[in-house]
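Report on one structure; see the data block that follows.
Residue numbers start from 1 in every chain, and the chains themselves are labelled A, B, ... in the order their sequence lines are given, proteins ahead of strands.
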Amino acid sequence: MKTEPDVFSWDDLELKKIASWDGVRNYQARNFMRDDFKVGDKVLFYHSSCADPGVAGTAEVVREAYPDPTALDPDSEYFDEASRKTGVSRWVMVDVSPVNRFSKLASLTMIRENAKLKSMALLQRGQRLSIQPVSAAEFAEIEAMGR
DNA sequence: GCCAACGTTGGC
DNA sequence: GCCAACGTTGGC
């Protein structure tokens with residue numbers, strides 16, 4: 001999962017202990033959370049749109065997908081008019097908790113340079129999804145880079 | 001700040 | 001259902 005550290009960083013996650021992953025407003029990303037995120041699943045916590053993009057640590061799913069209430073809140077930056085009209089949020093969120101803080105960032109540059117990771121979704125052309133699938137092998141490789 | 005790539009919107 | 005216009009993402 002991607003996050004802008006200016007908005008919500010790894011440090012914020014550690015401080016908060018449990019974070020509700022609200023604000024996802026892309027159907028494909030939503031479907032990944034809704035269909036594939038199970039309690040106990042591990043996720044890579046990726047810092048994007050910043051000076052040093054890369055994976056800062058790993059987290060785990062502590063609650064499976066449930067409706068994202070910010071879609072119904074007119075005061076939220078994630079407010080969604082279509083959801084308000086139906087009275088039901090069409091967006092979901094999951095809760096995650098920190099697991100492993102990387103001693104060094106697994107930078108995007110390092111990920112690019114690792115031949116074993118060349119087929120990662122993250123590196124594919126035009127890839128912008130904030131939630132992306134990661135294989136077990138890729139996950140292990142990146143975790144090793146962070147040590 | 002630039003810009004390529006992509007998703008969404010809305011007129012027809 | 002097509003597709004142009006627009007908005008967003010995200011690395012650089």
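Taken from CZ in A:R84 to CZ in A:R90, the straight-line distance is 12.5 Å, to the nearest 0.5 Å.
A distance-only check finds no donor-acceptor pair linking the side chain of A:K2 to the backbone of A:H47 [under 3.5 Å].
Across C:dT9, C:dG11, B:dT9, the shortest atom-to-atom separation from the side chain of A:R128 is found for C:dT9. When distances are taken from the side chain of A:L108 to each of C:dG10, B:dT9, C:dG11, the shortest belongs to C:dG11. In this structure, of C:dG10, B:dT9, C:dG11, it is B:dT9 that holds the atom nearest to the side chain of A:R90. Closest to the A:Y27 side chain, of the nucleotides B:dA5, B:dT9, B:dT8, is B:dT8.
The separation between A:E77 atom CD and C:dT9 atom P is 10 Å, rounded to whole Å. Rounded to an integer number of Å, the gap from A:Q28 CD to B:dT8 C1' is 14 Å. Rounded to whole Å, atom C1' of C:dT9 lies 16 Å from atom CZ of A:R25. A:H47 places its NE2 atom 17 Å from the P atom of C:dC12, with the value rounded to the nearest Å. Between the CD atom of A:Q132 and the P atom of B:dC6 there is a distance of 13 Å, given to the nearest Å. Between the CD1 atom of A:I131 and the C1' atom of B:dG7 there is a distance of 16 Å, rounded to whole Å. Separating the CD atom of A:Q127 from the C1' atom of B:dG7 is a distance of 12 Å, rounded to the nearest angstrom. A:D6 places its CG atom 12 Å from the P atom of C:dG11, with the value rounded to the nearest Å.
Between A:T3 and A:Y46, every side-chain heavy-atom pair lies at or beyond the 4.5 Å cut-off.
Seen from the ring of A:Y66, A:R63 counts as a face-on cation partner, given the 6.0 Å and 45° thresholds.
Within the structure, every side-chain polar atom (N or O) of A:Y46 is placed at least 4.0 Å from both OP1 and OP2 of C:dT9. A:K2 has no side-chain polar atom (N or O) that falls below the 4.0 Å cut-off from OP1 or OP2 of C:dT9.
Classification of the A:Y27-A:W91 ring pair by plane angle, with boundaries at 30° and 60°, yields tilted.
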